[in-house]
Enquirer: 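Pasting a structure below so you can have a look.
Chain naming here is simple, since letters A, B, ... match the order of the sequence lines and numbering starts at 1 in each. Just so it is clear, the structure is predicted and the values come from calculations on it, not from any experiment.
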Protein chains: 2
Amino acid sequence: MKNLTLKDIATALDLSITTVSKALKDYPDVSTNTKKKVKAYAKEVNFTPNAYAAYLRTQESKMIGVIIPQLNHYFFSNVLKGIMNAAEEEGYMVIILSSEESYELEKKQVDRLMKQNVDGILMSIADSTHDTEHIDNISKQNIPLVLFDKYSKLSECSSVIINDQNAAFTAVEHLIKSGRKNIAHLRGPLFPQNSIDRFLGYRKALEKHQLPYKKEWVFTCHDITSDEGYTYAKDILDKHPEIDAIFAVADMPAIGAIKYFNEQNISIPEQIAVMGFSNWKISGLVTPALSTVNQPGETMGRKAFELFYEELQLRKKGEKFAPKIIEVETSLVVRDST
Amino acid sequence: MKNLTLKDIATALDLSITTVSKALKDYPDVSTNTKKKVKAYAKEVNFTPNAYAAYLRTQESKMIGVIIPQLNHYFFSNVLKGIMNAAEEEGYMVIILSSEESYELEKKQVDRLMKQNVDGILMSIADSTHDTEHIDNISKQNIPLVLFDKYSKLSECSSVIINDQNAAFTAVEHLIKSGRKNIAHLRGPLFPQNSIDRFLGYRKALEKHQLPYKKEWVFTCHDITSDEGYTYAKDILDKHPEIDAIFAVADMPAIGAIKYFNEQNISIPEQIAVMGFSNWKISGLVTPALSTVNQPGETMGRKAFELFYEELQLRKKGEKFAPKIIEVETSLVVRDST
DNA sequence: CTTATCGTCGAAATCGTTTTCGTTAATCAA
DNA sequence: TTGATTAACGAAAACGATTTCGACGATAAG
């Protein structure tokens with residue numbers, strides 16, 4: 001009961017392997033009649049050509065590799081969903097690897113994917129990644145590469161991103177418009193572009209509305225965890241009681257802050273408003289429900305695959321491909337915490 | 001700059017392809033000297049044999065397939081982590097597919113993996129799966145199969161599970177010991193074994209402590225969502241005000257219930273206690289923090305891979321393999337909601 | 001000196017597909 | 001009738017690694 005081969009079909013229909021192969025791929029030098037017969041039989045016995053054998057000739061593995069910084073992560077899981085659905089539609093298998101936010105591991109995973117001869121790599125850069133040599137190597141090896149969410153301004157490749165700066169700006173402006181004047185920012189780590197951009201959006205909003213920017217109101221979350229948010233909330237309450245709103249780089253720190261305020265019986269949003277970023281499922285479930293910026297992960301994943309596929313088709317035709325940057329729309333989700 | 005082949009090494013060292021291949025695999029009929037030379041050179045140029053070509057001869061793809069019911073799911077993400085880490089250590093690549101809790105899709109994904117010639121399949125059965133023909137087919141095709149978490153009592157294959165009945169029993173007993181007498185159960189769907197077992201554990205605990213079991217205190221969550229928990233919490237408050245504790249089949253419904261109670265200013269755990277199941281990260285972040293049963297996903301994933309690997313080794317030796325069932329330990333996590 | 005043994009190595013077949021390049025027979029134009 | 005064209009099919013050579021089976025020279029045994 002093992003898998004059938006072209007040979008099996010050939011002997012069954014008294015044809016050559018060549019003809020069977022060509023019939024299945026609609027070559028013009030096979031009669032319509034034989035094509036019909038072959039296709040019907042192939043369908044009947046549920047034949048699929050052996051992917052590994054095919055690779056050997058075509059050098060196409062029909063596999064793509066995806067590297068994300070964290071596996072257990074609402075946003076990235078959504079991106080994966082988008083990638084996997086789009087990939088399946090085009091007959092691609094997906095190999096998922098995680099860099100665990102580690103630069104070293106990220107390099108290793110890139111290497112594993114190249115050794116596996118994937119047809120393309122989609123990845124989101126780890127927070128700790130500070131140089132892009134391993135990434136540029138991918139392009140040098142002539143493998144299509146698409147970055148998403150965490151991208152690099154240095155690398156010449158397609159990317160699917162959101163406009164972090166604008167999104168952050170809108171979020172902070174919403175806080176301002178609801179009367180907040182002393183807005184703190186729980187920012188992300190220093191390397192990632194999106195963490196930088198969200199910080200810049202925060203500053204821009206303050207600037208536009210002539211609110212003071214104070215260094216000591218910016219707290220850096222290195223791991224973007226709820227624990228960090230919890231700790232900084234305590235700091236804020238203890239040392240900066242004048243703060244009346246928090247804009248966090250992500251939902252997790254925001255939720256950690258909410259947890260601390262709840263424990264201290266600080267009323268949200270009356271005494272202090274909290275704004276997250278990403279719209280994780282959990283943000284609708286905490287009390288009070290968290291206002292945040294919706295980041296459409298699934299769409300981003302699908303677009304990323306499409307960019308890869310587009311590039312691959314052009315390469316096959318021998319045409320040049322100019323890297324594209326796709327910006328996906330975000331939206332403000334106002335709930336009870338602001 | 002494409003990938004090197006055995007041939008490249010052979011010509012570089014003035015040896016035959018055969019000798020190079022054998023040297024790398026430590027065949028006894030290659031001199032220690034040549035082995036050293038070949039290995040050194042292979043390392044220098046960072047050579048890895050082409051996996052697809054190797055497959056053609058050995059029929060081993062060095063890939064395993066994993067099917068989970070949901071991608072965006074804290075517990076399953078943890079399982080994946082365990083699987084992927086263990087797989088990497090043995091040089092295996094992992095192809096992850098999701099059944100989206102759909103029986104039809106599950107069948108399709110099994111088919112995709114078999115066509116891909118994976119060396120083994122690890123899977124968790126979808127809630128809607130009601131027959132196991134597609135699963136039994138895997139074993140019939142002689143592909144090692146390991147089930148985890150959602151398993152089937154009908155299929156003859158290895159499984160990694162927890163003792164759902166005992167775990168549920170302990171959780172409910174904890175509610176009873178803290179003085180609760182009218183305990184409701186938000187149960188899971190009807191097919192999955194673990195949903196059944198948790199329900200049985202609930203009943204057993206009531207029985208042991210001579211508390212009445214009431215049908216109308218059991219509510220079925222078909223999709224195991226927070227929305228269902230939210231809705232049932234309203235039902236409970238409106239129609240069964242005597243209920244003083246809820247044991248939910250999973251964390252999500254429990255959190256939905258907490259949300260509703262918070263909105264209604266029902267104090268937890270004073271007026272009503274809430275117990276979840278699984279220990280998702282979120283359960284420590286809601287207010288009040290949710291008591292729950294810890295389900296060690298990563299360990300389960302690792303064990304699942306190990307079972308697969310064990311079976312594969314025995315099969316290669318031509319020995320028989322008797323399916324094993326591994327039970328992983330759970331633990332009660334008491335927080336503020338009980 | 002002949003035969004057997006051993007230690008090293010390679011030629012070649014194989015896995016299943018793809019694709020180039022013939023080959024054959026039938027058809028057409030002249 | 002002859003030569004050229006076309007339609008339909010197959011033989012065979014890749015792809016890259018693995019593995020069986022010899023081959024060869026050198027040594028040991030008789």
Side-chain angles (χ1 to χ4, degrees), chain A residues 1-39 41-42 45-63 91 93 114-119 142 316, chain B residues 1-39 41-42 45-63 91 93 114-119 142 316:
Chain A
M1 258 291 268
K2 59 175 182 181
N3 276 338
L4 294 152
T5 69
L6 285 182
K7 197 176 176 182
D8 297 322
I9 300 184
T11 51
L13 298 182
D14 201 29
L15 287 168
S16 75
I17 295 177
T18 310
T19 307
V20 174
S21 173
K22 288 201 274 198
L24 290 172
K25 308 208 120 199
D26 267 327
Y27 272 57
D29 63 342
V30 176
S31 74
T32 331
N33 199 14
T34 8
K35 273 185 193 171
K36 264 189 196 163
K37 267 194 287 186
V38 171
K39 283 180 184 171
Y41 187 78
V45 297
N46 190 20
F47 170 82
T48 323
N50 184 298
Y52 303 96
Y55 163 82
L56 229 49
R57 279 252 38 189
T58 61
Q59 301 289 341
E60 280 195 75
S61 62
K62 286 284 186 177
M63 296 216 184
M93 280 288 185
M114 311 239 284
K115 294 283 181 198
Q116 188 68 34
N117 297 293
V118 292
D119 291 344
N142 241 38
K316 284 210 265 184
Chain B
M1 258 290 270
K2 60 176 181 181
N3 277 337
L4 294 152
T5 69
L6 284 182
K7 198 177 176 181
D8 297 322
I9 300 185
T11 51
L13 298 182
D14 201 29
L15 286 168
S16 74
I17 295 178
T18 311
T19 306
V20 174
S21 172
K22 288 201 276 198
L24 290 172
K25 309 208 118 199
D26 266 329
Y27 272 57
D29 63 342
V30 177
S31 74
T32 332
N33 199 16
T34 16
K35 272 185 194 170
K36 265 189 197 165
K37 267 194 285 187
V38 171
K39 283 180 183 171
Y41 187 78
V45 297
N46 191 18
F47 169 83
T48 323
N50 184 299
Y52 303 96
Y55 164 82
L56 230 49
R57 280 251 38 189
T58 60
Q59 301 288 342
E60 280 194 76
S61 63
K62 285 284 185 176
M63 295 216 184
M93 280 288 187
M114 310 238 283
K115 293 284 181 200
Q116 188 69 34
N117 296 293
V118 292
D119 291 344
N142 241 38
K316 283 211 266 183

Enquirer: When you measure only distances, ignoring hydrogens and angles, does the side chain of A:R57 come within 3.5 Å of the base of C:dT18 through a donor and an acceptor?
Expert: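 Indeed, a donor on one side and an acceptor on the other fall under 3.5 Å apart.
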Enquirer: In whole angstrom, give the distance that lies between atom NZ of B:K35 and atom P of C:dC9.
Expert: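 Taking NZ of B:K35 and P of C:dC9, I get 10 Å after rounding.
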Enquirer: Rounded to the nearest Å, what distance is computed from the OH atom of residue B:Y27 to the C1' atom of nucleotide D:dT19?
Expert: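 Rounded to whole Å, this separation is 5 Å.
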Enquirer: For the pair made of CG in A:L4 and C1' in C:dT17, what is the distance, rounded to whole Å?
Expert: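 Interatomic distance, CG of A:L4 to C1' of C:dT17: 15 Å.
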Enquirer: Looking at C:dG10, D:dC15, D:dT19, which one has an atom nearest to any side-chain atom of B:D29?
Expert: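 So the nucleotide nearest the side chain must be C:dG10.
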Enquirer: Among D:dA17, C:dC15, C:dA11, find the nucleotide with the atom closest to the side chain of B:S16.
Expert: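 The answer is C:dA11, which lies nearest to the side chain.
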Enquirer: Out of B:T48, B:N3, B:N50, which one pairs with A:K115 under the side-chain hydrogen bond (donor to acceptor under 3.5 Å, both in side chains) rule?
Expert: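 So the option named by the test is B:T48.
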Enquirer: From the list D:dC9, D:dA17, C:dC15, which nucleotide is the closest neighbour of the side chain of A:V30?
Expert: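 Among the listed nucleotides, the one closest to the side chain of A:V30 is D:dC9.
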Enquirer: Rounding to a whole Å, what distance do you find between B:N50:CG and D:dC15:P?
Expert: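 Distance check: B:N50 CG to D:dC15 P gives 12 Å.
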Enquirer: Distance check needed: C:dT19 C1' versus A:E60 CD, whole Å only.
Expert: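 After rounding, the reported distance stands at 14 Å.
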Enquirer: Go through the side-chain N and O atoms of B:N117 and B:S61 and say whether any donor and acceptor fall under 3.5 Å apart.
Expert: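 Looking only at side-chain atoms, B:S61 and B:N117 do not form any donor-acceptor pair under 3.5 Å.
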Enquirer: On DNA chain C, nearest-nucleotide positions of B:T32 versus A:Y52: which is more 5'?
Expert: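 Its nearest nucleotide being more 5', the pick is B:T32.
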Enquirer: What nucleic acid atoms does A:S21 come within less than 4.0 Å of, heavy atoms only: base, sugar-phosphate, or nothing?
Expert: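 Base, at least one base atom sits under 4.0 Å.
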Enquirer: For B:L15, report the nucleic acid contact type (base, sugar-phosphate, nothing); a contact means any heavy atom under 4.0 Å.
Expert: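 Since only primed, P, OP1 and OP2 atoms lie under 4.0 Å of B:L15, the category is sugar-phosphate.
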Enquirer: With side-chain contact (heavy atoms from CB on, under 4.5 Å) as the test, pick out the partner of B:V20 among B:T34, B:D8, B:L6.
Expert: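 By the side-chain contact (heavy atoms from CB on, under 4.5 Å) criterion, B:V20 pairs with just one of B:T34, B:D8, B:L6: B:L6.
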Enquirer: Classify the side chain of B:T18 and the base of C:dA11 as holding, or not holding, a donor-acceptor pair under 3.5 Å.
Expert: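 Result: at least one qualifying N/O pair found.
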Enquirer: Using the side-chain heavy atoms of B:L6, tell me which of these nucleotides is nearest: D:dT18, C:dG16, C:dT18.
Expert: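 For the B:L6 side chain, the nearest candidate turns out to be D:dT18.
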Enquirer: C:dT17, D:dT19, D:dG10: which one has an atom nearest the side-chain heavy atoms of A:A54?
Expert: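 Looking only at side-chain atoms, A:A54 lies closest to C:dT17.
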Enquirer: Is B:K25 touching bases, backbone alone, or none of the nucleic acid, heavy atoms closer than 4.0 Å?
Expert: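 The answer is sugar-phosphate, as B:K25 gets under 4.0 Å only of primed atoms, P, OP1 or OP2.
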Enquirer: If you assign each of B:Y55 and B:T34 to its closest nucleotide in DNA chain C, which residue comes earlier from the 5' end?
Expert: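 Whichever sits nearer the 5' end wins; that is B:T34.
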Enquirer: Specify the separation, in whole Å, of atom CD1 of B:I17 and atom C1' of C:dT14.
Expert: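 Nearest whole value for this atom pair: 14 Å.
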Enquirer: Hey, mind stepping through A:M63 and B:Y52 against side chain to side chain contact (heavy atoms under 4.5 Å, CB included) and telling me if it holds?
Expert: CA-CA 12 Å; A:M63 296 216 184; B:Y52 303 96; 4.2 Å; yes
Enquirer: Please find the pair of heavy atoms, one from A:A10 and one from A:S16, that lie closest to each other, and give the distance.
Expert: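 Of all heavy-atom pairs spanning A:A10 and A:S16, the closest is CB-C, 3.8 Å.
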Enquirer: Measure from the side chain of B:S31, starting at C-beta and using heavy atoms only, and say which of C:dT17, D:dG16, C:dC9 lies closest.
Expert: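 The answer is C:dC9.
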Enquirer: Specify the separation, in whole Å, of atom CG of A:D26 and atom C1' of C:dT19.
Expert: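 In whole Å, C:dT19 C1' lies 16 Å from A:D26 CG.
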Enquirer: For A:K35 and A:Y27, indicate whether the former's side chain and the latter's backbone hold a donor-acceptor pair under 3.5 Å.
Expert: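 Confirmed, A:K35 side chain pairs with A:Y27 backbone.
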Enquirer: Expressed as a whole number of angstroms, how long is the span from A:L24:CG to C:dT17:C1'?
Expert: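 Interatomic distance, CG of A:L24 to C1' of C:dT17: 11 Å.
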